Each structure stands twice: as C-alpha cells, then as structure tokens.
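Numbering starts at 1 and runs along the sequence shown. Just so it is clear, the structure is predicted and the values come from calculations on it, not from any experiment. All values below were derived from every heavy atom in this structure, side-chain atoms included, with hydrogens, water molecules and symmetry-related copies excluded.
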Amino acid sequence: MPEPLLGPGIRRVDFGWFVRPGSETGSGAPRVEAVLGYAVDHSGGVLLFDTGMGSHPEVDAHYRPRTRGLDEALRASGLR
C-alpha cells in the first residue's frame, strides 16, 4: 500500500533504516531510525529529495543499515 500524501502532492519515500547504538540514544537502548526522502509532485514532474545513506565499512558495521533500491522505494510510495 503506498504511503499517504503528507500534503498537496508530497509523499514520503522510505529508503531503509539503520540501528542507532544505545550509546547514542540517551536511553542506553538501541533504536531503529528511518532513512526517508520526499517526492513532490510539480507541474514539471516529480522532484525527489534524498539525502541518502553513504557506504563505508566501519560506519556500516557500527549502524547496520538496510537499504531499499530507488525503484522499490518509489513503487512503495505509489510512484514509477
């Protein structure tokens, strides 16, 4: 089921998640954090805002990211 519109012509795009270790959460417990982008319908097309998740072996080992490919993330948001 596609994500609902957040406002006129604005959709959240789910690009995946990562695990923030307990040492960084303030509670001592690890927390799953979403990695989101936004798609804005515009008269000239769709504008995609995506800050992305980089990739680095040490950072990946620390945060254990799980990513979704662009096509899959857009489809899940109701876009092509």
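Under the side chain to side chain contact (heavy atoms under 4.5 Å, CB included) rule, L48 has a single partner from L70, L79, V40, which is L70.
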Q: Please assess R12 against Y38 for the test side chain to side chain contact (heavy atoms under 4.5 Å, CB included), listing each intermediate value before the final yes or no.
A: CA-CA 5 Å; R12 183 179 297 129; Y38 296 90; 4.1 Å; yes

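Judged as a salt bridge (Lys or Arg N to Asp or Glu O under 4.0 Å), and not counting sequence neighbours, R64 has no contacts. Under the ring pair (Phe, Tyr, Trp, His ring centres under 6.0 Å) criterion, F15 pairs with no residue, sequence neighbours left out.
Here salt bridge (charged side-chain N to carboxylate O under 4.0 Å, His left out) pairs that include residues 15-25, with residues two or more places apart or in two chains, are R20-E24, R20-E33.
Between atom CG of residue D14 and atom CG of residue L74 there is a gap of 11.5 Å, rounded to the nearest 0.5 Å. Rounded to the nearest 0.5 Å, atoms CG (D60) and CZ (R66) are 9.5 Å apart. Rounded to the nearest 0.5 Å, atoms CZ (F49) and CD1 (I10) are 9.0 Å apart.
Side-chain N or O atoms of S27 include one that pairs as donor or acceptor with a backbone N or O of A29 at under 3.5 Å.
Looking at heavy atoms from C-beta onward, T25 lies out of side-chain contact with P30 at the 4.5 angstrom threshold. Side-chain contact between D50 and V13 is absent, with no heavy atoms from C-beta onward closer than 4.5 Å. The closest side-chain heavy-atom distance from R31 to V19 is not below 4.5 Å.
Between P65 and M53, the closest heavy-atom pair is CB-SD, 3.8 Å.
Under the 4.5 Å side-chain heavy-atom criterion for grouping Ile, Leu, Val, Met, Phe, Trp and Tyr, Y63 is connected to V35 within one hydrophobic cluster.
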